[in-house]
Structure formats: structure tokens, C-alpha cells
Amino acid sequence: MDLGTRYTPEQIEKKWYARWVEKGYFTPKGSGRPFVVVIPPPNITGRIHMGHALNITLQDILVRYKRMCGFDTLWVPGEDHAGIATQNAVERFLEETQGKRREELGRDRFVELVWQWARKYRTEIRQQIETLGASVDWTRERFTLDEGLSSAVRKVFVELYRKGLIYKGKYMVNWCPRCKTVLSDEEVEHEESKAKLYYVKYPLCGEDGYIAVATTRPETMLGDTAVAVNPKDERYKQLVGKRVVLPLVNKEIPIIADEYVDPEFGTGAVKITPSHDPNDFEVAKRHNLSFVDIFDDEAKVNENGGVYRGLDRYKAREKIVQDLEANGYLLKIEDISHAVGHCYRCESMIEPRVMDQWFVSMKPLAKKAIEAVETDQVRFVPARWKKVYLHWMYNVRDWCISRQLWWGHRIPVWYCDSCGETIVSEKDPAQCPKCGSKSLTQDEDVLDTWFSSALWPFSTLGWPEKTTDLEKYYPTSVLVTGFDIIFFWVARMIVMGYEFMQEKPFTDVYIHQLIRDKYGRKMSKSLGNGIDPIDMSVKYGMDPVRFTLAILAAQGSDIKLDERYFDTYRKFANKIWNATRFALINLEGYEEKQLEGLSLADKWILTRLQRTVNTVTQALEDYEFNVAARSIYEFFWNEFCDWYIESAKITLNGEARLTTQNVLVRVLDTSLRLLHPFMPFLAEELWQNLPVAGESITVASWPKIDEMIIDDTAEKEFEKIMQIVRGIRNVRAELNMPIKSGSKIYVVGQSLSKEAESLIKHLANVDSIEFVSKKPTSSATAYFDELQHIYVDTTGMDLTVEINRLEKNIEKLSKEREWQMKKLSDKSFLSHASQEAVEEARGKLSQAEARLKVLRQILEDLR
RNA sequence: GGGUGCGUAGCUCAGGGGGAGAGCGCUUCCCUCACGAGGAAGAGGCCGCAGGUUCGAUUCCUGCCGCACCCACCA
């Protein structure tokens, strides 16, 4: 055995992962209760970021913990083809490297290019996940565009279509003029922004006067087909049914009445643009108005826009406002603020358009998915996300699933070129079933990337085949993800799970935070504020990075990540390293033996160890990663290193050497097992050096609490010792006493055991301790209140310091006494407080009084 | 318009009905034979504001103020 004095992550991280994989530890052993997790598949758009690192670390902690607990553990890895995101990334790449647009390549060649990209990034992502130490089963790795997953996608599409749950229809959809595709409502981000409200005159037909409308988008007037007012609005009652002339366009359009119009807003009269506003679309359908689409795919004015044709929507607005003003139609402009939709991938302003698209009918599918969460068959942790999920589900709208992209699952629908028949089929059809024509054209569109993700928990296990994996490992145990994709993904998985497996996809949903930079901003490429987890692992070690993420994962808000955190836990890793090193250096002559004849310190540390096992286990069961991590940290550093190892330095040199060695090994063995889910590399490396090491800590058993070893008395007594030692050090430091001053300690109160006494002497470095029933008379010259009973002999020291201390303490005690007296004279306290509370107050009071008396006496003496 | 989370040490954050904790930073001391990436001691807090419940609130409840975020067809 040869450990250096420093923890060197680079030397230990490389070797272990390969060995674990080689030994097949990450492949389920096939027996025992299953514990199954499917990874939220990272997009193949680039490197994984800190959010992935958090997500993967938390899953790995759970998986490694459960594996040690003996579960048949399976964690399925994979990647997502990420339709729009990837297509955009490759388009950018194409533009930058070849200066070409995807249209210049054509669909087939472009898709081939994306496949090359996908292979490259999948490999990189795989490596990054390995670097993180994720104990995923690589033999079961999946990709959303795999053959198997693709057939799952087709089957789901076809079945939903046959059930009438997928339909094609002409509705108002969200169009991204940059990505040139429609988006689902969830993919549109609404951003509050400042805008202008334009008041425009629409002159009445055949008579004087006008009706004024207010609009934020004057350019859409080119597509107006009516003006609407509220039927109850007295101001406009006599105008309903009349016609106005659409300015600039010179077209007559009717004035109609519809409840939708809010008389309070603007002028109480609304221009109706059925093709470019969702509300107007509904109004138009109710009133049978005509539709005039005025934009092309790039949101430029099309042939319906007359002289404005060819202008993009912003230019068109400018021009139209100018023209309105020039012709006296513009009444006024107001500043308002309102929410505008933007594309979640490219941030372009969304253009609402009426288009023929494919939809999933969500309401009928949502029923079971709602019930499951309402009844906690699927449980959200933290629970508050349940409300968020349910609120969305109660109001769920149909899901637009077709995308005008090239990268993704092509919609399994064909149209007969001869008779126009629509053929929806899992297999590519050879001919039209209606007319027999062999001339068929497949729908050009692909499916929303989230359509395939929705099937992930069962498609990755082999569905639609009836595989043994599916039989054994579905439903999965827990889904770990961020709250940003509850609607996109979690909700839809629950829906699809019930629809196609007649069973929930997972039992628990653990929702973790989002990682932001230290100022609370989103980490993004454009801000350049991202902290790369792989870079961090090189700088600080992967284990410290993982531990940091775990301890920051308190259930609640976002994580504001400051790189300096990693340093704290790198130090912790170093501490663990060196504590183990200390033990190993002192193991000469070690042999395993029963834990008996234990010293006070032994009993104490073993008791504390049991408590830690308990806390960590419970916390992991409750997904309280931060509690678990902190508990290990505090036990190991503040108790084991700071106190037990210090005490071991004496006992290792005496008769109890072998016992101490055994306790050291026992504590390290258990601690490293507890640590393993958090810091797998370090834990393995050190554990392998212990005399009790096994094949691998990865497959070692999780520590069980040993009730027999818990010793409350020893625990309390040792706490008293720590208190006394701290008190002595405190006085020493404040009085600037040299360490080896030959101090004599008087402890007022019951004497402690000889063992405790010698521990104190060693730990506080004092020569003698005397237990006395009351204060020593003249020579006692210092007092410290932390302990309330201890005097240190400091004959010859400067007395003014001590007098000041005494005065301060007397003041503090007097306050305490007054407070307790007040409490005890309070009638309501006496009549309402518990027996114990009253007793406690009495105790504190008498204690305070006794101490005050003693202190005043000492003060007298000193003076 | 509805909803959620957060306001605790200089900074970043845990915690939680009974005179508040950590890391970093700061001050003083220590080259003690595992670790100076260390050890010892310390300074530093109206626990956002105002009410309520309670013997007792930083903690629970209500309202408010600030900061984030989510949802919503506010032309």
C-alpha cells in the first residue's frame, strides 16, 4: 500500500470506470427486486452541461445506493435526436463550414449529414457520461431514432389514429418563421415586453363617421375581414351590421357583435384578422368570416398584401403605420406591455397561422394521467410539483405533433396520388388499398421530438416487442428530471404509459433544480457563463464535483453555482484520503477481531457512525441528497477526524492498539460505503486498500444499522468531554497561554471516569484535572462560562483580562436569570406550559443563580 | 389575471415552535509524527416588514414589500 499525502483524482478516476463496466456491475444481475431508472436522454446538440451533471449525479447516487441495497438495478442510458435543436445546430454548422443552406443539399443529403453529426456527438456524450461515473448499463443504450424506437413511434401513431386520438385538421398554430416549422403551444415561450397600441380609424361605408379600433399589430390589417364589438356595448349597438372600409386596402368588411370583445379595452372595437390571431380565428369561425392569409413561410407579406408584398412583418408594420398616418387614419399611439410568443429554440417571434397539421387529442388521454397523480400512484417529489402538473393537465389542449423539419420520425402517413386516399400504416404501404395505385407520397412532415420521448420508459425496454426486460423492469422506479420539462416530457410519458402499457411509467418523479450561474442567470453559450462539468472534473476531480452537486441539491429553488464550491469538497476528498492514509499507516499488526473491550471513544464514534448510517439511509429514501451528503461530511470531518483520530493517536500506542485498529477499519469501511454513491472513484480506491476490502465497493452491501453498538451513555459522556476540552482551549486561546503551560484544571461537578479524564488531558494537553465540589479558593483565577463549572489555574497571568471576562459573564448570567424569573412568574406560562418546560425553566434559573454566586465570589477574590 | 419558490453572517446557502448553523472571506495563534487542500480559538445576525396563533415564532397562519420563475387567447 502506498498512498501519497495528497488526493490525486486524475490517477484514480481513469482506471475504475473501465473495470466496473468490464466486470458487468452495471448490468442488472437479474434477481431481486428491480430498481429501474431511465435516463432523461441528453440532446445530441453538443456537450453535456452542468444541468446534465446534476441530473446524472443524482440518478447515479440513487442507483448505486439501491444496487448496494441488493436491488436488481437497471439504469438505461440513451440520447435524444432532438429534432429542431439538432437540425438548427447542423444548419449552423453547414452554414459555417460550407456556407450552404440545407435546401441546397436537399433532404436526403442533409439528413445524412445530421446522422454523421449524431454519431459524433453520441460518442462524445457517452464519454462524458462515463467521466461522470454514471453506472448505466451500456449494453442497453438507446437512441430515439433507433430502429426499435422508430417502430414504437409508428405503432403508437397508427394506434392513436385508429382510435381517433390523432387527427389532421386546419387550426391556428404557432409558426416559427426562422425554423420554418409549426410548434406546439408548449414550445412557445411568452415574454412580457413593451409594445405600442395603435388606434386606427375604419371609416363607415356609405355614411360619415368611423369606428376606431386599437391594435398592437397594425400590419395584420391587410388580413382583416371584420370589426367586432361587444353586443352589450351601447356605444356601438347601432353600428352592428353596418360595414366599414378597410383603410389602405379599400375593402369592405362588416361590423359584427361578439361576446369575446372586452368593451373596457382600447376603443371596445376590435379588428378581426382570422388568419393571424387565435381569438380572431375563433370569432371568424362563429361568424363565418373569410380568411385572408397575408404572410409567407418567412413571415413576409405575401400576394394578398397588395403593395406591401415582400416586406417582412416588421418592415410592413413601419410602412403601414406611416401610410395610415399620412392618410389621416392614425388616431393615436399608446405604450402598453404585453406578452409575445417566441420560439423556444431560436427566440424568433412566433407567427400564428392557420394550417393543416396533425394533432393528438389530449383530453381523453389525460384522464388516467390525472387520476394517477391525484391519487399519488405517481408521486411528485417535492410534492408542490403535483399542483403544477395537475393544473396543466386539467387545462391540457390538443398537441400539435407535426413539424416541417427533415430530421426526425417521418409521419407514417401516405397519400395516394391517384385517388387521394390517406393511408396510415406501421409498414410502408406498397399500394393504395382503395384504388391499388402504386403511386403513393409520404407525408413530408416529421413528428415532434417529444412524441418519441414520451414513449421512452417502455420503448427503451423493447416495446412493442414483448421482451423480458419489459416484463421485468416496467414500470420504472423513479424519474429524475428538471421542472422545465414537466409538460414537455413527464406529463406525456405518464399519458403514453397508461395508454400503451396500461400502467404508469414510473412511481416517483423527483424534480431537481435548474443550475444557474452565481448571479442567478441561466447558463448559456451566448452569455459565456457556463461552467463545464468535464472541465471542472479535470480541475477538481469528478468526485468532488458530484459531491458538490449533491450537497447543493436541497429541495427548493435553483442552484446558483459558483465554481469555488468545488474547492470545498475537493478539500473534503483530500481529508478522506488522508484520514484513510492515517489508518493504513497505523495498521501494522492488524488482525480482524470482535469489537469488544471498547474504549469510551470507540463506543462514541461507533454510536455516531450508526446515527450517520441512519441519517444517510433515510435521507436517500426521501431524495434528500443534501441532507445525506452533509451528514457524511459532518460525521467524517467533525467527528471522526477531529476527535476520534486524535484520540486514536494515544490508544494506538498502548494495549488497546488492536481494538483501535479494528474500530478505525470499521468506521472507514462503513463511511466509504456511505460515501460510494456520492464519490464512487475515491471510495473504491480507498476501500480497496482496507484489509476488509472485497471485490468492489460498487457491489458491496449498504451498511445496516447495528443497534447493539449504539451506546447513549458513551455518546453523552463523550460530548461532555468535547465540551470540557473546547472550554479549556478557549480559555487558553483567549488568555494566550502557551500550549504546554502545565495547566491544572479544576472541574466543578461530578468526577468523570478515569478514562474520560485521561482523554481530556490528552486532547486538551493539560497535566492534571481535579474534580471538586465547589470552586477552589484563592488560586483559581479564570473561569469560563461555556462549561459553567471549570476553572483553570492560571496563576501569574494578567488578571485584568480575566476580570473583564468575569464581568461579561456575570452580565450574561443576570440576563438569563431575569428571563427565567419572568417566565416563572408568568401565570399563563405556568398554566399552559408542559411540566417539562416549567421544570426546565426552574433548572435554568437555579443554575444561573448558583453560577452567579460563584462568579461573584471569584471576582471578589481576584480583586 | 392566476400560481409557485425565495428574502437567515460580508458573500453563497443549509436549517427549522424553546436565545441560530456551514463553506468561503476576515482576525489571532500553531511548521502537533494523516492532511497547511491542515489544526486551535475568535469577530460577525431586529432569521425582509406588520399583524395573528402560542406560555414562547426566525420557524406555523394572514397581509404587505422586494427578487426570481411558471401558467394564461391582456386586441
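Below, read A as the first sequence line, B as the second, and so on, with proteins coming before strands; counting in each chain starts at 1. Any value given below was found using the heavy atoms of this structure, including those in side chains, with hydrogens, waters and symmetry copies removed.
Taking every side-chain heavy atom of Y260(A) into account, A75(B) is the closest of C74(B), U4(B), A75(B). Across U4(B), C74(B), C69(B), the shortest atom-to-atom separation from the side chain of F483(A) is found for C69(B). In the set A40(B), A72(B), A34(B), A34(B) carries the atom at the smallest distance from any side-chain atom of E646(A). Residue W637(A) places its side chain closer to G39(B) than to any other of A41(B), A75(B), G39(B). Side-chain proximity of R516(A) to C74(B), C69(B), G23(B): nearest is C69(B). Taking only side-chain atoms of R397(A), from C-beta outward, the nucleotide of A34(B), C24(B), A72(B) with the closest atom is A72(B). Relative to the side chain of N574(A), the nucleotides C24(B), C35(B), A72(B) differ in distance, and C35(B) lies closest. Each of A40(B), A75(B), A34(B) was ranked by its minimum atom distance to the side chain of V261(A); first place goes to A75(B). Considering only the side chain of R384(A), U4(B) comes nearest among U4(B), G39(B), C24(B). Nearest to the side chain of A339(A), among G3(B), G39(B), A72(B), sits A72(B).
The distance between the ring centers of F635(A) and Y644(A) does not fall below 6.0 angstrom. A distance below 6.0 Å separates the ring centres of W385(A) and F483(A). The aromatic ring centroids of Y633(A) and W637(A) lie less than 6.0 Å from each other. A centroid separation of less than 6.0 Å is found between the aromatic rings of Y510(A) and F625(A).
One finds a salt bridge joining E219(A) and R217(A) here, because a Lys/Arg side-chain nitrogen approaches an Asp/Glu carboxylate oxygen to under 4.0 Å.
A cation-pi arrangement is present between K332(A) and Y199(A) under the rule of less than 6.0 angstrom and at most 45 degrees off the ring axis.
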Set out, line by line, the N/O atom pairs under 3.5 Å between protein and nucleotides 59-62 of chain B.
none

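The residue I645(A) sits close to a base: some heavy atom pair falls under 4.0 Å. Note on R630(A): only backbone sugar-phosphate atoms sit closer than 4.0 angstrom, heavy atoms only; bases stay farther off. Residue E189(A) is classed as having no contact, given no heavy-atom separation below 4.0 Å to the nucleic acid. Heavy atoms of K387(A) sit under 4.0 angstrom from primed sugar atoms or phosphate atoms, though from no base atom. Using a 4.0 Å heavy-atom distance criterion, K575(A) is classed as a base contact. Residue D262(A) is classed as a base contact, given a heavy-atom separation below 4.0 Å to a base.
With the 3.5 Å cutoff on both pairing distances, Watson-Crick and G-U pairs in RNA chain B assemble into runs of at least 3 at B:1-7 with B:65-71, B:10-13 with B:21-24, B:26-30 with B:38-42, B:48-52 with B:60-64.
Note: CG (N578(A)) to C1' (G39(B)) measures 13 Å, nearest angstrom. In this structure, R570(A) places its CZ atom 5 Å from C1' of A37(B), rounding to the nearest Å. Whole-Å rounding puts the K571(A) NZ to A34(B) C1' distance at 17 Å. Atom OH of Y344(A) is separated from atom C1' of C71(B) by 18 Å (rounded to the nearest Å). Atom CD of E191(A) is separated from atom C1' of C69(B) by 13 Å (rounded to the nearest Å). The CD1 atom of I551(A) sits 9 Å away from the C1' atom of A22(B) (whole-angstrom rounding). Rounded to whole Å, atom P of A75(B) lies 17 Å from atom NE2 of H276(A). Put simply, CG on L686(A) is 13 Å from C1' on C35(B), counting in whole angstrom units.
When atom types are taken as modelled, the side chain of D543(A) and the backbone of L682(A) share a donor-acceptor pair closer than 3.5 angstrom. Side-chain atoms of D233(A) never come within 3.5 Å of backbone atoms of V229(A) as a donor-acceptor pair (strictly under, hydrogens ignored).
Taking atom C1' on both C49(B) and U58(B), the two are 13 Å apart, rounded to the nearest angstrom. Rounded to whole Å, the P atom of G21(B) lies 31 Å from the corresponding atom of C35(B).
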Check the pair L390(A), V373(A) against side chain to side chain contact (heavy atoms under 4.5 Å, CB included), reporting the backbone distance first and the verdict last. CA-CA 8 Å; L390(A) 285 175; V373(A) 171; 4.1 Å; yes

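Y569(A) pairs in a ring-ring contact (aromatic ring centres under 6.0 Å, His included) with only one of the listed residues (Y7(A), F678(A), F547(A)), which is F547(A).
Contacts of E186(A) classified as salt bridge (charged side-chain N to carboxylate O under 4.0 Å, His left out), with partners at least two apart in sequence or in another chain: R492(A).
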